[in-house]
2 protein chains.
Amino acid sequence: MPVPFSSPDPEPAVPSRRELNKAATRQAITDAALGLLRSKGPGNFTVEDIADAAGISRRTFFNYFGSTDAALASIVHGFLDNAIQQLRLRPADEPMLESAQAALVALADPKAIAPLAELFTLTQQSPLMSHTELEAWDHCRAQVFTVARERLAGTPGAQDELYVHALAGSIISCGKAAMEVWFNRRGPDLSPASLAELRKLLIDAMALLGAGFNTTASPSATRSS
Amino acid sequence: MPVPFSSPDPEPAVPSRRELNKAATRQAITDAALGLLRSKGPGNFTVEDIADAAGISRRTFFNYFGSTDAALASIVHGFLDNAIQQLRLRPADEPMLESAQAALVALADPKAIAPLAELFTLTQQSPLMSHTELEAWDHCRAQVFTVARERLAGTPGAQDELYVHALAGSIISCGKAAMEVWFNRRGPDLSPASLAELRKLLIDAMALLGAGFNTTASPSATRSS
DNA sequence: GCACGCACTTACACTACGTGCAAGTTTGCA
DNA sequence: TGCAAACTTGCACGTAGTGTAAGTGCGTGC
(Lines give C-alpha, C1' and ligand atoms only; values in the text may rest on other atoms or scores of the structure.)
Protein backbone atom coordinates (compact mmCIF):
# COMPACT_ATOMS: atom_id res chain seq x y z
CA MET A 1 0.00 0.00 0.00
CA PRO A 2 2.38 2.71 -1.20
CA VAL A 3 -0.26 5.24 -2.15
CA PRO A 4 -2.74 6.70 0.28
CA PHE A 5 -5.01 7.59 -2.57
CA SER A 6 -7.52 5.54 -4.46
CA SER A 7 -5.65 3.91 -7.30
CA PRO A 8 -2.41 1.99 -6.75
CA ASP A 9 -3.22 0.12 -9.94
CA PRO A 10 -2.96 1.93 -13.27
CA GLU A 11 -5.67 -0.20 -14.83
CA PRO A 12 -8.77 1.21 -16.42
CA ALA A 13 -11.94 1.41 -14.34
CA VAL A 14 -10.14 0.78 -11.05
CA PRO A 15 -10.83 -2.85 -10.13
CA SER A 16 -12.50 -2.73 -6.74
CA ARG A 17 -11.59 -4.95 -3.85
CA ARG A 18 -14.65 -7.09 -4.47
CA GLU A 19 -13.72 -7.64 -8.09
CA LEU A 20 -10.18 -8.56 -7.18
CA ASN A 21 -11.42 -11.01 -4.58
CA LYS A 22 -13.76 -12.62 -7.06
CA ALA A 23 -11.08 -12.88 -9.70
CA ALA A 24 -8.68 -14.39 -7.15
CA THR A 25 -11.27 -16.93 -6.01
CA ARG A 26 -12.06 -17.83 -9.57
CA GLN A 27 -8.38 -18.32 -10.30
CA ALA A 28 -7.93 -20.37 -7.13
CA ILE A 29 -10.72 -22.67 -8.24
CA THR A 30 -9.36 -23.29 -11.73
CA ASP A 31 -5.85 -23.76 -10.33
CA ALA A 32 -7.12 -26.26 -7.79
CA ALA A 33 -9.13 -28.08 -10.44
CA LEU A 34 -6.16 -28.29 -12.80
CA GLY A 35 -3.94 -29.46 -9.96
CA LEU A 36 -6.34 -32.24 -9.05
CA LEU A 37 -6.65 -33.18 -12.69
CA ARG A 38 -2.89 -33.54 -12.80
CA SER A 39 -2.58 -35.52 -9.59
CA LYS A 40 -5.68 -37.71 -9.65
CA GLY A 41 -6.69 -37.86 -13.29
CA PRO A 42 -10.00 -36.99 -14.91
CA GLY A 43 -13.10 -38.20 -13.08
CA ASN A 44 -11.25 -39.15 -9.91
CA PHE A 45 -12.02 -36.11 -7.80
CA THR A 46 -15.14 -34.34 -6.62
CA VAL A 47 -16.37 -30.78 -6.33
CA GLU A 48 -15.67 -31.01 -2.61
CA ASP A 49 -12.04 -31.87 -3.34
CA ILE A 50 -11.70 -28.79 -5.53
CA ALA A 51 -13.38 -26.58 -2.95
CA ASP A 52 -11.10 -27.84 -0.18
CA ALA A 53 -8.01 -27.34 -2.33
CA ALA A 54 -9.14 -23.82 -3.21
CA GLY A 55 -9.94 -22.99 0.41
CA ILE A 56 -13.62 -22.32 -0.12
CA SER A 57 -16.87 -24.10 0.62
CA ARG A 58 -18.57 -26.49 -1.76
CA ARG A 59 -21.47 -24.07 -2.02
CA THR A 60 -19.21 -21.23 -3.08
CA PHE A 61 -17.74 -23.35 -5.84
CA PHE A 62 -21.19 -23.58 -7.36
CA ASN A 63 -21.52 -19.80 -7.14
CA TYR A 64 -18.69 -19.65 -9.68
CA PHE A 65 -19.08 -22.76 -11.83
CA GLY A 66 -21.90 -25.17 -12.52
CA SER A 67 -19.71 -28.26 -12.51
CA THR A 68 -16.14 -29.50 -12.38
CA ASP A 69 -16.17 -29.64 -16.16
CA ALA A 70 -17.18 -26.01 -16.36
CA ALA A 71 -14.31 -25.02 -14.10
CA LEU A 72 -11.82 -26.76 -16.34
CA ALA A 73 -13.49 -25.60 -19.52
CA SER A 74 -12.97 -22.02 -18.39
CA ILE A 75 -9.40 -22.54 -19.56
CA VAL A 76 -10.63 -23.34 -23.05
CA HIS A 77 -13.05 -20.45 -22.87
CA GLY A 78 -10.24 -18.11 -21.92
CA PHE A 79 -8.22 -19.18 -24.91
CA LEU A 80 -11.08 -18.95 -27.37
CA ASP A 81 -12.29 -15.61 -26.02
CA ASN A 82 -8.79 -14.40 -26.62
CA ALA A 83 -9.00 -15.65 -30.18
CA ILE A 84 -12.26 -13.80 -30.73
CA GLN A 85 -10.67 -10.66 -29.38
CA GLN A 86 -7.86 -11.05 -31.91
CA LEU A 87 -10.40 -11.61 -34.63
CA ARG A 88 -12.23 -8.40 -33.78
CA LEU A 89 -8.98 -6.48 -34.03
CA ARG A 90 -8.61 -7.36 -37.71
CA PRO A 91 -9.65 -4.77 -40.29
CA ALA A 92 -13.29 -5.16 -41.23
CA ASP A 93 -12.61 -5.23 -44.95
CA GLU A 94 -10.20 -8.15 -44.73
CA PRO A 95 -11.55 -11.47 -46.01
CA MET A 96 -12.89 -13.56 -43.14
CA LEU A 97 -10.61 -16.50 -43.78
CA GLU A 98 -7.53 -14.30 -43.67
CA SER A 99 -8.73 -12.69 -40.46
CA ALA A 100 -9.32 -16.07 -38.91
CA GLN A 101 -5.92 -17.22 -40.04
CA ALA A 102 -4.25 -14.19 -38.51
CA ALA A 103 -6.21 -14.38 -35.26
CA LEU A 104 -5.37 -18.04 -34.79
CA VAL A 105 -1.72 -17.66 -35.65
CA ALA A 106 -1.48 -14.82 -33.12
CA LEU A 107 -2.66 -17.29 -30.50
CA ALA A 108 -0.06 -19.92 -31.36
CA ASP A 109 2.12 -18.53 -28.62
CA PRO A 110 3.48 -20.41 -25.59
CA LYS A 111 1.92 -18.05 -23.06
CA ALA A 112 -1.57 -18.43 -24.46
CA ILE A 113 -1.51 -22.03 -25.51
CA ALA A 114 0.34 -23.70 -22.62
CA PRO A 115 -2.66 -24.18 -20.30
CA LEU A 116 -4.75 -25.37 -23.22
CA ALA A 117 -2.11 -27.87 -24.26
CA GLU A 118 -1.80 -29.27 -20.76
CA LEU A 119 -5.54 -29.54 -20.35
CA PHE A 120 -5.78 -31.29 -23.67
CA THR A 121 -3.08 -33.82 -22.93
CA LEU A 122 -4.56 -34.54 -19.52
CA THR A 123 -8.03 -35.19 -20.87
CA GLN A 124 -7.19 -36.59 -24.27
CA GLN A 125 -7.68 -40.29 -23.64
CA SER A 126 -10.82 -39.93 -21.59
CA PRO A 127 -14.14 -38.72 -23.00
CA LEU A 128 -15.01 -37.16 -19.66
CA MET A 129 -14.10 -33.71 -20.87
CA SER A 130 -15.86 -33.81 -24.20
CA HIS A 131 -19.13 -32.28 -23.00
CA THR A 132 -17.94 -28.91 -21.95
CA GLU A 133 -15.15 -28.73 -24.46
CA LEU A 134 -17.56 -29.16 -27.32
CA GLU A 135 -19.68 -26.45 -25.76
CA ALA A 136 -16.70 -24.12 -25.53
CA TRP A 137 -15.98 -24.56 -29.22
CA ASP A 138 -19.62 -24.08 -30.06
CA HIS A 139 -19.70 -20.91 -28.02
CA CYS A 140 -16.74 -19.68 -30.02
CA ARG A 141 -18.50 -20.64 -33.24
CA ALA A 142 -21.45 -18.48 -32.21
CA GLN A 143 -19.12 -15.54 -31.67
CA VAL A 144 -17.41 -16.02 -35.01
CA PHE A 145 -20.88 -16.07 -36.51
CA THR A 146 -21.64 -12.71 -34.92
CA VAL A 147 -18.42 -11.16 -36.16
CA ALA A 148 -18.96 -12.53 -39.66
CA ARG A 149 -22.53 -11.29 -39.79
CA GLU A 150 -21.47 -7.80 -38.79
CA ARG A 151 -18.77 -7.76 -41.41
CA LEU A 152 -20.75 -9.16 -44.28
CA ALA A 153 -23.82 -7.03 -43.63
CA GLY A 154 -23.22 -5.05 -46.81
CA THR A 155 -21.56 -7.67 -48.97
CA PRO A 156 -23.71 -8.60 -51.97
CA GLY A 157 -24.54 -12.30 -52.23
CA ALA A 158 -23.27 -13.10 -48.75
CA GLN A 159 -26.08 -11.70 -46.66
CA ASP A 160 -27.56 -15.18 -46.45
CA GLU A 161 -27.93 -16.71 -43.05
CA LEU A 162 -26.73 -19.91 -44.63
CA TYR A 163 -23.51 -18.38 -45.84
CA VAL A 164 -22.63 -16.92 -42.47
CA HIS A 165 -23.60 -20.01 -40.48
CA ALA A 166 -21.71 -22.34 -42.78
CA LEU A 167 -18.67 -20.11 -42.86
CA ALA A 168 -18.46 -19.69 -39.09
CA GLY A 169 -18.93 -23.40 -38.51
CA SER A 170 -16.32 -24.34 -41.08
CA ILE A 171 -13.77 -21.92 -39.68
CA ILE A 172 -14.20 -23.41 -36.24
CA SER A 173 -14.03 -26.94 -37.60
CA CYS A 174 -10.81 -26.23 -39.43
CA GLY A 175 -9.29 -24.55 -36.40
CA LYS A 176 -10.24 -27.55 -34.31
CA ALA A 177 -8.84 -29.88 -36.94
CA ALA A 178 -5.49 -28.09 -36.97
CA MET A 179 -5.25 -28.21 -33.18
CA GLU A 180 -6.25 -31.83 -33.06
CA VAL A 181 -3.64 -32.86 -35.59
CA TRP A 182 -1.05 -30.82 -33.74
CA PHE A 183 -1.86 -32.40 -30.38
CA ASN A 184 -1.83 -35.84 -31.93
CA ARG A 185 1.57 -35.24 -33.47
CA ARG A 186 3.32 -33.29 -30.76
CA GLY A 187 1.55 -33.94 -27.50
CA PRO A 188 2.45 -31.35 -24.87
CA ASP A 189 5.51 -30.16 -26.81
CA LEU A 190 5.71 -26.35 -26.75
CA SER A 191 9.10 -25.90 -28.39
CA PRO A 192 9.49 -23.21 -31.06
CA ALA A 193 9.61 -25.88 -33.75
CA SER A 194 6.40 -27.39 -32.48
CA LEU A 195 4.65 -24.02 -32.35
CA ALA A 196 5.87 -23.26 -35.85
CA GLU A 197 4.24 -26.47 -36.98
CA LEU A 198 1.01 -25.45 -35.27
CA ARG A 199 1.07 -22.13 -37.07
CA LYS A 200 1.61 -23.92 -40.36
CA LEU A 201 -1.26 -26.28 -39.65
CA LEU A 202 -3.58 -23.39 -38.84
CA ILE A 203 -2.60 -21.55 -42.02
CA ASP A 204 -2.93 -24.70 -44.10
CA ALA A 205 -6.33 -25.49 -42.65
CA MET A 206 -7.69 -22.07 -43.55
CA ALA A 207 -6.11 -22.37 -46.99
CA LEU A 208 -7.84 -25.69 -47.54
CA LEU A 209 -11.12 -24.06 -46.64
CA GLY A 210 -10.49 -21.16 -48.99
CA ALA A 211 -9.61 -23.53 -51.79
CA GLY A 212 -12.77 -25.56 -51.35
CA PHE A 213 -10.69 -28.64 -50.51
CA ASN A 214 -9.52 -28.91 -54.09
CA THR A 215 -6.27 -30.78 -53.68
CA THR A 216 -5.26 -30.24 -57.29
CA ALA A 217 -5.44 -26.46 -57.02
CA SER A 218 -3.70 -25.85 -53.71
CA PRO A 219 0.00 -25.28 -54.42
CA SER A 220 1.41 -24.82 -50.91
CA ALA A 221 -1.27 -26.21 -48.68
CA THR A 222 -0.96 -29.90 -48.00
CA ARG A 223 2.75 -30.58 -47.91
CA SER A 224 4.69 -30.43 -44.69
CA SER A 225 7.54 -27.92 -44.33
CA MET B 1 -46.80 -66.47 -43.17
CA PRO B 2 -46.44 -68.64 -46.26
CA VAL B 3 -43.69 -70.78 -44.82
CA PRO B 4 -44.31 -73.25 -42.00
CA PHE B 5 -40.63 -73.28 -41.19
CA SER B 6 -38.54 -71.20 -38.87
CA SER B 7 -38.36 -67.83 -40.55
CA PRO B 8 -41.54 -65.88 -41.16
CA ASP B 9 -39.35 -62.82 -41.34
CA PRO B 10 -36.97 -62.53 -44.29
CA GLU B 11 -34.46 -60.57 -42.25
CA PRO B 12 -30.88 -61.63 -41.80
CA ALA B 13 -29.82 -63.40 -38.60
CA VAL B 14 -33.36 -63.95 -37.25
CA PRO B 15 -33.86 -61.40 -34.46
CA SER B 16 -34.30 -63.43 -31.29
CA ARG B 17 -36.98 -62.82 -28.71
CA ARG B 18 -34.46 -61.17 -26.43
CA GLU B 19 -33.36 -58.76 -29.13
CA LEU B 20 -36.95 -57.89 -29.90
CA ASN B 21 -37.66 -57.23 -26.24
CA LYS B 22 -34.65 -55.00 -25.92
CA ALA B 23 -35.56 -53.07 -29.03
CA ALA B 24 -39.12 -52.67 -27.76
CA THR B 25 -37.94 -51.43 -24.36
CA ARG B 26 -35.55 -49.03 -25.99
CA GLN B 27 -38.34 -47.72 -28.17
CA ALA B 28 -40.69 -47.45 -25.20
CA ILE B 29 -38.13 -45.35 -23.38
CA THR B 30 -37.54 -42.91 -26.21
CA ASP B 31 -41.29 -42.68 -26.84
CA ALA B 32 -41.92 -41.97 -23.17
CA ALA B 33 -39.15 -39.39 -23.08
CA LEU B 34 -40.44 -37.64 -26.18
CA GLY B 35 -43.96 -37.68 -24.79
CA LEU B 36 -42.85 -36.10 -21.53
CA LEU B 37 -40.83 -33.55 -23.44
CA ARG B 38 -44.00 -32.64 -25.34
CA SER B 39 -46.24 -32.46 -22.27
CA LYS B 40 -43.94 -31.02 -19.61
CA GLY B 41 -41.23 -29.24 -21.55
CA PRO B 42 -37.46 -29.71 -21.38
CA GLY B 43 -36.00 -30.03 -17.91
CA ASN B 44 -39.33 -30.49 -16.18
CA PHE B 45 -39.32 -34.24 -15.79
CA THR B 46 -37.04 -36.82 -14.19
CA VAL B 47 -35.63 -40.19 -15.09
CA GLU B 48 -38.20 -41.72 -12.77
CA ASP B 49 -40.98 -40.08 -14.74
CA ILE B 50 -39.67 -41.59 -17.95
CA ALA B 51 -39.25 -45.02 -16.37
CA ASP B 52 -42.80 -44.94 -15.02
CA ALA B 53 -44.20 -43.87 -18.37
CA ALA B 54 -42.25 -46.60 -20.13
CA GLY B 55 -43.33 -49.23 -17.59
CA ILE B 56 -39.86 -50.08 -16.37
CA SER B 57 -37.77 -49.41 -13.29
CA ARG B 58 -35.50 -46.43 -12.89
CA ARG B 59 -32.50 -48.75 -12.79
CA THR B 60 -33.43 -50.36 -16.08
CA PHE B 61 -33.59 -46.97 -17.71
CA PHE B 62 -29.92 -46.55 -16.85
CA ASN B 63 -29.17 -49.92 -18.38
CA TYR B 64 -30.21 -48.41 -21.70
CA PHE B 65 -29.24 -44.75 -21.47
CA GLY B 66 -26.89 -42.76 -19.29
CA SER B 67 -29.21 -39.79 -18.92
CA THR B 68 -32.49 -38.27 -20.08
CA ASP B 69 -30.51 -36.30 -22.63
CA ALA B 70 -28.99 -39.45 -24.01
CA ALA B 71 -32.43 -41.00 -24.43
CA LEU B 72 -33.61 -38.04 -26.45
CA ALA B 73 -30.37 -37.73 -28.37
CA SER B 74 -30.84 -41.28 -29.60
CA ILE B 75 -33.29 -39.74 -32.04
CA VAL B 76 -30.56 -37.53 -33.43
CA HIS B 77 -28.19 -40.47 -33.45
CA GLY B 78 -30.67 -42.51 -35.41
CA PHE B 79 -30.95 -39.82 -38.03
CA LEU B 80 -27.23 -39.25 -38.34
CA ASP B 81 -26.42 -42.96 -38.42
CA ASN B 82 -28.85 -43.16 -41.28
CA ALA B 83 -26.98 -40.37 -43.02
CA ILE B 84 -23.68 -42.17 -42.59
CA GLN B 85 -25.25 -45.29 -44.06
CA GLN B 86 -26.33 -43.27 -47.10
CA LEU B 87 -22.84 -41.83 -47.37
CA ARG B 88 -21.27 -45.27 -47.39
CA LEU B 89 -23.56 -46.30 -50.24
CA ARG B 90 -22.08 -43.67 -52.52
CA PRO B 91 -19.45 -44.75 -55.06
CA ALA B 92 -15.97 -44.51 -53.62
CA ASP B 93 -14.60 -42.51 -56.53
CA GLU B 94 -17.18 -39.75 -56.19
CA PRO B 95 -15.87 -36.48 -54.72
CA MET B 96 -16.58 -36.33 -50.99
CA LEU B 97 -18.60 -33.15 -51.16
CA GLU B 98 -20.90 -34.60 -53.80
CA SER B 99 -21.34 -37.75 -51.76
CA ALA B 100 -22.19 -35.73 -48.69
CA GLN B 101 -24.62 -33.67 -50.69
CA ALA B 102 -26.35 -36.76 -52.01
CA ALA B 103 -26.45 -38.51 -48.64
CA LEU B 104 -27.95 -35.49 -46.93
CA VAL B 105 -30.50 -34.83 -49.64
CA ALA B 106 -31.59 -38.47 -49.44
CA LEU B 107 -32.37 -37.85 -45.77
CA ALA B 108 -34.49 -34.76 -46.42
CA ASP B 109 -37.54 -36.98 -46.39
CA PRO B 110 -40.57 -36.67 -44.08
CA LYS B 111 -40.23 -40.16 -42.67
CA ALA B 112 -36.63 -39.69 -41.60
CA ILE B 113 -36.70 -36.09 -40.58
CA ALA B 114 -40.02 -35.79 -38.73
CA PRO B 115 -38.81 -36.98 -35.31
CA LEU B 116 -35.73 -34.84 -35.64
CA ALA B 117 -37.77 -31.78 -36.53
CA GLU B 118 -40.07 -32.25 -33.56
CA LEU B 119 -37.21 -32.78 -31.17
CA PHE B 120 -35.52 -29.70 -32.51
CA THR B 121 -38.55 -27.47 -32.17
CA LEU B 122 -39.21 -28.75 -28.65
CA THR B 123 -35.69 -28.07 -27.45
CA GLN B 124 -34.81 -25.07 -29.59
CA GLN B 125 -35.28 -22.30 -27.04
CA SER B 126 -33.66 -24.13 -24.15
CA PRO B 127 -29.97 -25.00 -23.98
CA LEU B 128 -30.77 -28.11 -21.97
CA MET B 129 -30.35 -30.31 -24.99
CA SER B 130 -27.13 -28.89 -26.28
CA HIS B 131 -24.79 -31.30 -24.48
CA THR B 132 -25.85 -34.50 -26.06
CA GLU B 133 -26.84 -32.98 -29.34
CA LEU B 134 -23.39 -31.58 -29.85
CA GLU B 135 -22.02 -34.99 -29.00
CA ALA B 136 -24.27 -36.62 -31.55
CA TRP B 137 -23.01 -34.32 -34.28
CA ASP B 138 -19.45 -34.87 -33.18
CA HIS B 139 -19.96 -38.61 -33.31
CA CYS B 140 -21.21 -38.21 -36.86
CA ARG B 141 -18.18 -36.08 -37.67
CA ALA B 142 -15.92 -38.87 -36.49
CA GLN B 143 -17.69 -41.30 -38.80
CA VAL B 144 -17.45 -38.97 -41.78
CA PHE B 145 -13.76 -38.73 -40.95
CA THR B 146 -13.45 -42.50 -41.14
CA VAL B 147 -15.25 -42.70 -44.46
CA ALA B 148 -13.18 -39.88 -45.90
CA ARG B 149 -9.93 -41.43 -44.74
CA GLU B 150 -10.80 -44.75 -46.34
CA ARG B 151 -11.68 -43.06 -49.59
CA LEU B 152 -8.74 -40.73 -49.82
CA ALA B 153 -6.20 -43.35 -48.82
CA GLY B 154 -4.70 -43.35 -52.31
CA THR B 155 -5.39 -39.79 -53.39
CA PRO B 156 -2.15 -37.85 -53.89
CA GLY B 157 -1.90 -34.69 -51.76
CA ALA B 158 -4.89 -35.56 -49.62
CA GLN B 159 -3.39 -38.21 -47.40
CA ASP B 160 -2.82 -35.57 -44.75
CA GLU B 161 -4.53 -36.01 -41.43
CA LEU B 162 -5.20 -32.31 -41.56
CA TYR B 163 -7.01 -32.51 -44.87
CA VAL B 164 -9.29 -35.29 -43.73
CA HIS B 165 -10.02 -33.81 -40.33
CA ALA B 166 -10.75 -30.38 -41.74
CA LEU B 167 -12.90 -31.78 -44.51
CA ALA B 168 -14.99 -33.97 -42.23
CA GLY B 169 -15.49 -31.17 -39.73
CA SER B 170 -16.47 -28.69 -42.40
CA ILE B 171 -18.96 -31.05 -43.99
CA ILE B 172 -20.64 -31.56 -40.64
CA SER B 173 -20.61 -27.84 -39.91
CA CYS B 174 -22.23 -27.03 -43.22
CA GLY B 175 -24.83 -29.73 -42.77
CA LYS B 176 -25.61 -28.36 -39.34
CA ALA B 177 -25.75 -24.84 -40.72
CA ALA B 178 -28.25 -25.84 -43.40
CA MET B 179 -30.47 -27.58 -40.87
CA GLU B 180 -30.24 -24.71 -38.44
CA VAL B 181 -31.26 -22.16 -41.07
CA TRP B 182 -34.09 -24.41 -42.17
CA PHE B 183 -35.44 -24.85 -38.64
CA ASN B 184 -35.17 -21.14 -38.01
CA ARG B 185 -37.11 -20.36 -41.16
CA ARG B 186 -39.70 -23.11 -41.18
CA GLY B 187 -40.02 -24.45 -37.67
CA PRO B 188 -41.79 -27.81 -37.62
CA ASP B 189 -43.12 -27.40 -41.16
CA LEU B 190 -42.74 -30.66 -43.10
CA SER B 191 -44.65 -29.70 -46.25
CA PRO B 192 -43.15 -30.64 -49.63
CA ALA B 193 -42.24 -26.98 -50.22
CA SER B 194 -40.44 -26.83 -46.89
CA LEU B 195 -38.55 -30.04 -47.59
CA ALA B 196 -37.60 -28.76 -51.00
CA GLU B 197 -36.14 -25.73 -49.32
CA LEU B 198 -34.19 -27.95 -46.95
CA ARG B 199 -32.77 -29.88 -49.89
CA LYS B 200 -31.77 -26.64 -51.54
CA LEU B 201 -30.11 -25.42 -48.36
CA LEU B 202 -28.15 -28.63 -48.04
CA ILE B 203 -27.02 -28.48 -51.65
CA ASP B 204 -26.12 -24.82 -51.36
CA ALA B 205 -24.19 -25.39 -48.16
CA MET B 206 -22.03 -28.07 -49.78
CA ALA B 207 -21.61 -25.85 -52.84
CA LEU B 208 -20.38 -23.02 -50.64
CA LEU B 209 -17.86 -25.35 -49.11
CA GLY B 210 -16.72 -26.58 -52.51
CA ALA B 211 -16.33 -23.00 -53.73
CA GLY B 212 -14.25 -21.99 -50.74
CA PHE B 213 -16.89 -19.45 -49.72
CA ASN B 214 -16.04 -17.25 -52.69
CA THR B 215 -19.26 -15.34 -53.17
CA THR B 216 -18.15 -13.87 -56.46
CA ALA B 217 -17.59 -17.24 -58.07
CA SER B 218 -20.71 -19.09 -56.95
CA PRO B 219 -23.39 -18.54 -59.59
CA SER B 220 -26.32 -20.51 -58.19
CA ALA B 221 -25.48 -20.90 -54.58
CA THR B 222 -26.74 -18.11 -52.39
CA ARG B 223 -30.01 -16.98 -53.87
CA SER B 224 -33.33 -18.51 -52.86
CA SER B 225 -35.52 -20.03 -55.55
C1' DG C 1 -40.15 -81.91 -21.72
C1' DC C 2 -36.98 -80.50 -18.25
C1' DA C 3 -33.43 -78.44 -16.12
C1' DC C 4 -29.48 -75.61 -16.40
C1' DG C 5 -27.20 -71.23 -17.64
C1' DC C 6 -27.26 -66.74 -19.22
C1' DA C 7 -29.37 -62.24 -20.16
C1' DC C 8 -32.12 -59.02 -18.30
C1' DT C 9 -34.93 -56.62 -14.69
C1' DT C 10 -35.56 -54.93 -10.28
C1' DA C 11 -35.04 -53.17 -5.46
C1' DC C 12 -31.95 -51.21 -2.32
C1' DA C 13 -28.22 -48.54 -0.79
C1' DC C 14 -24.84 -45.21 -1.42
C1' DT C 15 -22.04 -41.27 -3.20
C1' DA C 16 -22.08 -37.07 -5.55
C1' DC C 17 -24.37 -33.22 -7.94
C1' DG C 18 -26.83 -28.96 -8.03
C1' DT C 19 -30.00 -25.54 -5.76
C1' DG C 20 -33.02 -22.87 -2.51
C1' DC C 21 -32.76 -20.69 1.78
C1' DA C 22 -31.42 -18.33 5.82
C1' DA C 23 -28.09 -17.25 8.32
C1' DG C 24 -23.14 -14.88 8.90
C1' DT C 25 -19.25 -12.02 6.96
C1' DT C 26 -17.01 -8.59 4.10
C1' DT C 27 -17.00 -4.48 1.27
C1' DG C 28 -18.66 0.06 -0.45
C1' DC C 29 -20.61 4.31 0.73
C1' DA C 30 -22.66 8.11 3.15
C1' DT D 1 -19.67 4.88 12.38
C1' DG D 2 -23.46 2.68 10.64
C1' DC D 3 -26.13 0.91 6.98
C1' DA D 4 -27.00 -1.64 2.61
C1' DA D 5 -25.55 -4.58 -0.80
C1' DA D 6 -22.50 -8.25 -2.24
C1' DC D 7 -20.51 -12.39 -1.05
C1' DT D 8 -19.69 -16.72 1.65
C1' DT D 9 -21.25 -20.48 4.22
C1' DG D 10 -23.87 -24.40 6.30
C1' DC D 11 -27.94 -26.98 5.91
C1' DA D 12 -31.44 -29.49 3.73
C1' DC D 13 -33.50 -31.51 -0.10
C1' DG D 14 -34.39 -33.76 -4.53
C1' DT D 15 -32.19 -35.99 -8.30
C1' DA D 16 -28.46 -38.37 -10.95
C1' DG D 17 -25.88 -42.30 -11.63
C1' DT D 18 -23.70 -46.84 -10.03
C1' DG D 19 -22.58 -51.30 -7.46
C1' DT D 20 -24.67 -55.33 -5.84
C1' DA D 21 -27.45 -59.14 -5.09
C1' DA D 22 -31.73 -61.33 -5.69
C1' DG D 23 -35.54 -62.37 -8.86
C1' DT D 24 -37.53 -63.40 -13.68
C1' DG D 25 -37.68 -64.75 -18.50
C1' DC D 26 -35.38 -66.70 -22.49
C1' DG D 27 -32.33 -70.00 -25.14
C1' DT D 28 -30.05 -74.58 -25.12
C1' DG D 29 -28.60 -79.17 -24.40
C1' DC D 30 -29.93 -83.42 -22.39
Side-chain angles (χ1 to χ4, degrees), chain A residues 1 4-9 13-30 32-33 36-37 40-74 126-132 135, chain B residues 6-7 9 13-30 32-33 36-37 40-74 126-132 135:
Chain A
M1 345 29 176
F5 294 113
S6 58
S7 120
D9 215 312
V14 190
S16 76
R17 183 67 170 270
R18 279 221 172 97
E19 282 161 4
L20 289 175
N21 283 345
K22 287 202 70 167
T25 303
R26 203 180 167 82
Q27 189 64 42
I29 293 175
T30 59
L36 284 166
L37 185 65
K40 301 200 169 185
N44 297 123
F45 55 95
T46 71
V47 169
E48 195 159 11
D49 294 334
I50 301 178
D52 288 350
I56 55 168
S57 74
R58 199 178 74 97
R59 191 61 184 82
T60 298
F61 172 92
F62 284 112
N63 287 344
Y64 284 83
F65 297 102
S67 63
T68 49
D69 272 10
L72 290 169
S74 73
S126 89
L128 288 160
M129 189 60 191
S130 49
H131 276 182
T132 6
E135 276 187 338
Chain B
S6 59
S7 120
D9 216 312
V14 189
S16 77
R17 185 70 170 265
R18 280 218 174 96
E19 284 162 3
L20 290 175
N21 282 346
K22 287 202 72 167
T25 302
R26 206 181 166 82
Q27 190 64 42
I29 293 175
T30 59
L36 284 166
L37 185 64
K40 302 200 169 185
N44 297 122
F45 56 96
T46 70
V47 169
E48 195 160 11
D49 295 332
I50 301 177
D52 288 349
I56 56 167
S57 73
R58 199 178 76 96
R59 191 62 183 82
T60 298
F61 172 91
F62 285 111
N63 287 343
Y64 283 83
F65 298 102
S67 64
T68 50
D69 271 12
L72 290 169
S74 74
S126 89
L128 289 159
M129 189 60 191
S130 48
H131 277 181
T132 5
E135 277 188 339

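This is a predicted model, so every value here is computed, not measured. So you know, we letter chains A, B, ... as the sequences are listed, proteins then strands, and number each from 1.
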Assign a letter to each nucleotide of nucleotides 19-30 of chain D from its 5' end: B, base within under 4.0 Å of a protein heavy atom; S, sugar-phosphate only; -, no contact.
BB----BBS---
Whether B/Thr60 contacts C/dT10 is assessed here as follows: a side-chain N or O lying under 4.0 Å from the phosphate OP1 or OP2. Is that the case?
yes
Non-neighbouring partners of B/Arg18 that pass side chain to side chain contact (heavy atoms under 4.5 Å, CB included), sequence neighbours left out
B/Ser16
Atom-pair distance (CD on B/Glu48; C1' on C/dA11), nearest Å
12 Å
What closest approach, in Å, do A/Phe65 and A/Ser74 show between heavy atoms, and which atom pair accounts for it?
CE2-CB, 3.8 Å
Of the options C/dG18, C/dT9, C/dA16, whose atoms approach the side-chain atoms of A/Thr46 most closely?
C/dA16
Round to the nearest Å and state the distance from B/Ile29 atom CD1 to C/dC8 atom P.
13 Å
For residues 23-30 of chain B, dump all side-chain donor-acceptor pairs below 3.5 Å to protein atoms at least two apart in sequence or in another chain.
| unit_1 | atom_1 | unit_2 | atom_2 | d |
| --- | --- | --- | --- | --- |
| B/Thr25 | OG1 | B/Asn21 | O | 2.9 |
| B/Gln27 | NE2 | B/Asp31 | OD1 | 3.1 |
| B/Thr30 | OG1 | B/Gln27 | O | 2.9 |

Judged by each residue's nearest nucleotide on DNA chain D, which is more toward the 5′ side, B/Val47 or A/Arg58?
A/Arg58
Once you round it to whole Å, what is the distance between P of C/dC8 and CZ of B/Phe61?
17 Å
Rounded to the nearest Å, what distance is computed from the CG atom of residue B/Asn44 to the P atom of nucleotide D/dG14?
17 Å
Distance in angstrom units between B/Arg26 CZ and C/dC8 C1', rounded
15 Å
Here the distance between atom C1' of C/dT10 and atom CG of B/Asp52, to the nearest Å, is 13 Å
Please set out all donor-acceptor pairs under 3.5 angstrom arising from side-chain atoms of residues 46-53 of chain A, sequence neighbours excluded.
| unit_1 | atom_1 | unit_2 | atom_2 | d |
| --- | --- | --- | --- | --- |
| A/Thr46 | OG1 | A/Glu48 | N | 3.2 |
| A/Thr46 | OG1 | A/Asp49 | N | 3.2 |
| A/Thr46 | OG1 | A/Asp49 | OD2 | 3.4 |
| A/Asp49 | OD2 | A/Thr46 | N | 2.9 |

Within less than 4.0 Å of OP1 or OP2 of C/dT9, is there a side-chain N or O belonging to B/Tyr64?
yes
Checking B/Ser67 now: which residues fulfil side chain to side chain donor-acceptor pair (under 3.5 Å) with it, not counting sequence neighbours?
none
In this structure, how many angstroms lie between the C1' atom of C/dC21 and the CZ atom of A/Phe62, rounded?
16 Å
Does the side chain to side chain contact (heavy atoms under 4.5 Å, CB included) test come out yes or no for B/Leu37 and B/Phe45, once each step is laid out?
CA-CA 8 Å; B/Leu37 185 64; B/Phe45 56 96; 4.2 Å; yes
Any side-chain N or O of B/Lys22 under 4.0 Å from OP1/OP2 of C/dA7?
no
In this structure, how many angstroms lie between the P atom of D/dG10 and the CD1 atom of A/Ile56, rounded?
11 Å
